[in-house]
Amino acid sequence: MHKSNRLLPSASRPLAFAALSAAVAVALVAPGMAHASAFQLHENSTQGLGRAYAGSSTAGGDVSVVENNPAAMSDLDGTYVQADITAINFSAKFSGSSHDVLGNPISGGNGGDAGTTLPVPALAISTKVSDRVNLGVAFDVPYGFQTEYDNNWMGRYDAVKTVLKSYDSTLSASFKINDEWSIGASAIAERTNADLTNAINFNAVGLGIQQGIAKQAQAQAAAAVAAAAAQIQAAQAANQITAQQAAAMLAAAEQQATAAATAAATAGAAQVAAALPPDSDGYAEVKGNDWAWGWQLGAYWKPTGNDRLGLNYRSRITHDIDGTANFDTAGAPGYSLLQANPQLASSIPPFTHTSGTARLTNPAVATLSYWHQESKFGIGADVSWTQWSVMRSLTVDYANAQPPTVLPFNWRNTYYVAVGGEYYATDKLTLRAGVSVDQAPMTASNRDPRVPDAARRMAAFGIGYKASEHFQINASYAHIFVSHAGVNDATSATGDVLTGTYDDYGNLLSVSAQYKF
């Protein structure tokens with residue numbers, strides 16, 4: 001992905017803010033390697049995972065409908081408590097090359113395995129308060145991820161560590177219109193936290209400082225020439241020198257000022273180059289958080305005694321992330337030496353504590369769910385649309401006078417399609433299986449090291465055991481196959497370019513317990 005504020009001939013002081021903007025903005029839209037595309041998670045139901053989430057709100061007996069389609073709570077007769085936990089294990093291995101703004105290769109390996117294993121919990125409670133009304137509350141993690149590369153990998157100027165988590169508290173209600181139709185609605189309170197790091201290429205920053213020194217020397221030369229010209233013109237006006245003498249003196253002054261500027265720029269550039277050689281790295285750490293509100297609406301229809309249809313729409317939720325950035329320059333000791341030189345002070349970007357805000361919008365999601373029920377088996381399907389086009393761009397505003405930074409993402413909307421079912425081996429034992437396909441919102445042209453996502457295919461199976469009329473347990477496993485994820489010229493804030501491909505895959509293992517009072 002090409003970020004604004006990259007190193008250009010006119011860039012110097014904006015580099016500090018470019019590092020902040022790249023860290024805040026890109027990390028806030030990085031991916032989770034769960035079943036859904038980009039950083040979207042759907043791991044709030046062990047039963048649903050066993051079917052690849054086919055029939056996510058229509059299969060019946062799953063309290064996760066509190067957050068997946070509140071209208072379907074009308075089928076839950078009584079008070080239910082369901083707790084789910086899913087271990088998400090994913091792998092993301094990069095292979096490729098990188099170079100700096102001058103085309104020189106960047107040192108470092110491929111970053112190791114950026115993946116990790118994370119637990120994703122969920123809790124849902126539903127109770128029937130009348131013949132027509134059900135109420136529910138749920139807590140889950142709809143968006144989240146964590147990636148971490150080796151500190152010295154070749155793409156360290158784009159990303160080292162990235163953590164993003166959104167926590168939802170959902171209050172839902174359903175109303176049963178008649179035996180065929182129910183409707184539901186939810187209010188959602190969402191907390192989003194971000195914590196991330198990336199390296200800063202101080203060798204590239206040094207190029208910007210050199211450009212600043214050259215501009216400063218040119219400005220001083222111009223001022224010296226202007227002062228000399230004023231004196232020469234005054235002497236000519238007083239008839240102290242002839243026009244020919246004035247022209248010669250002005251040419252000499254210009255030559256002298258140009259020579260002095262060139263010498264000063266050369267000396268300054270040599271000092272900067274010596275102080276900030278290749279592999280002079282600093283690090284930026286950014287943290288931010290925000291609370292925001294959203295809503296969802298659901299409908300539930302039983303056209304026959306064996307068929308169910310559910311439609312749910314979850315609103316987009318917009319966060320104004322407040323972030324702070326801290327910079328560690330210990331890996332570039334020459335930077336502190338340059339700062340101590342008063343002649344260079346105006347050309348050196350201040351990598352010091354600062355703050356900023358970035359508006360992040362978690363996308364709207366619409367899901368159509370179908371289920372057909374027989375005595376020995378059930379089969380269903382889901383089609384889900386995610387409005388990733390809200391990630392066209394991201395704007396970062398700063399607490400000081402630094403102009404805002406706009407980062408283009410140009411993501412596209414995606415579809416998730418799943419087919420799955422259940423087989424009731426006995427009155428107590430249920431077997432589940434399902435498959436799904438999921439599009440990715442980005443391509444190789446706008447894929448970023450923080451977002452190494454691609455189209456996915458998932459195969460899942462699960463098992464359920466009803467220990468009593470009140471208590472049941474479930475377990476599911478799924479494997480995610482990820483398509484080729486190419487990265488074409490992802491460019492860091494300091495102009496470093498990364499090109500290559502990712503080899504990704506994921507594993508999900510989930511267990512749950514449900515109790516009916």
Side-chain angles (χ1 to χ4, degrees), residues 31-59 62 64-72 84 86 88 120 122 138 140-145 166 168 170 172 184 186 188 190 294-301 308-317 361-372 379-391 411-421 432 434-442 453-460 476 478 480-483 506 508 510:
M33 301 297 289
H35 97 272
S37 61
F39 55 93
Q40 185 181 17
L41 299 178
H42 199 175
E43 279 61 44
N44 57 28
S45 170
T46 300
Q47 297 180 52
L49 176 61
R51 304 183 302 268
Y53 299 104
S56 62
S57 65
T58 50
D62 190 345
S64 69
V65 294
V66 173
E67 60 260 49
N68 293 333
N69 184 343
D84 299 76
T86 303
I88 301 177
V120 177
D140 68 324
V141 186
Y143 301 98
F145 70 96
S166 291
D168 275 13
T170 303
S172 298
S186 303
I188 304 169
E190 187 170 86
W295 52 269
Q296 67 178 348
L297 297 174
Y300 187 51
W301 180 39
R308 309 164 193 162
L309 278 170
L311 178 62
N312 188 73
Y313 180 84
R314 175 190 167 101
S315 73
R316 66 175 71 176
I317 300 179
T361 300
N362 284 336
V365 181
T367 302
L368 178 65
S369 183
Y370 168 74
W371 189 257
H372 177 78
I379 188 169
D382 264 35
V383 178
S384 184
W385 169 85
T386 302
Q387 191 188 19
W388 285 119
S389 60
V390 296
M391 291 306 307
W411 284 11
R412 61 189 179 186
N413 299 331
T414 62
Y415 285 92
Y416 176 86
V417 179
V419 177
R432 303 182 177 97
V435 295
S436 68
V437 294
D438 194 12
Q439 296 176 313
M442 74 292 293
D453 191 26
R456 302 145 179 241
R457 298 166 303 282
M458 183 169 76
S476 297
I480 299 172
F481 305 86
V482 184
S483 300
L508 308 175
S510 183

Indicate whether any N or O donor in one side chain lies under 3.5 Å from an N or O acceptor in the other, for [X] and [Y].
X    : Y    : result
T58  : S369 : yes
D62  : S45  : yes
Q296 : S186 : yes
S56  : D382 : yes
N68  : N44  : yes
Y416 : S436 : yes

> Are the ring centres of Y313 and W295 closer than 6.0 Å?
Replying inline: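 Judged by ring-centre distance (under 6.0 Å), Y313 and W295 do meet the cut-off.
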
Taking all heavy atoms of [X] and all of [Y], pick out the closest pair and write down the distance.
X    : Y    : value
A440 : A454 : CB-C, 3.4 Å
V435 : A459 : CG1-CA, 4.4 Å
G380 : A54  : O-CB, 3.5 Å
V390 : T361 : CG2-O, 3.7 Å

Mind checking the [atom1]-[atom2] spacing from [X] to [Y]? Nearest 0.5 Å is all I need.
X    : Y    : atom1 : atom2 : value
W385 : T367 : CH2   : OG1   : 10.5 Å
Y53  : Q47  : OH    : CD    : 11.5 Å
Q439 : Y415 : CD    : OH    : 8.0 Å
S64  : E43  : OG    : CD    : 11.5 Å

N/O donor-acceptor pair under 3.5 Å between [X] side chain and [Y] backbone:
X    : Y    : value
Q387 : P363 : no
Y370 : I379 : no
N413 : W388 : yes
S172 : P70  : no
N69  : A71  : yes
N362 : R316 : no

>> I'd like to know if E190 and R314 make a salt bridge, using a cut-off of under 4.0 Å between side-chain N and carboxylate O.
In response: yes

A side-chain contact here means heavy atoms from C-beta on lying under 4.5 Å apart; do [X] and [Y] qualify?
X    : Y    : value
L508 : I480 : yes
R456 : F481 : no
S483 : R457 : yes
D438 : M458 : no

> Can you list the steps and then say if I188 with I317 is a side chain to side chain contact (heavy atoms under 4.5 Å, CB included)?
Replying inline: CA-CA 9 Å; I188 304 169; I317 300 179; 4.1 Å; yes

>> As a quick check of understanding, evaluate side-chain hydrogen bond (donor to acceptor under 3.5 Å, both in side chains) for D84 and T46, giving each step before the final call.
In response: CA-CA 6 Å; D84 299 76; T46 300; 3.1 Å; yes

> Hey, mind stepping through V365 and S384 against side chain to side chain contact (heavy atoms under 4.5 Å, CB included) and telling me if it holds?
Replying inline: CA-CA 7 Å; V365 181; S384 184; 3.4 Å; yes

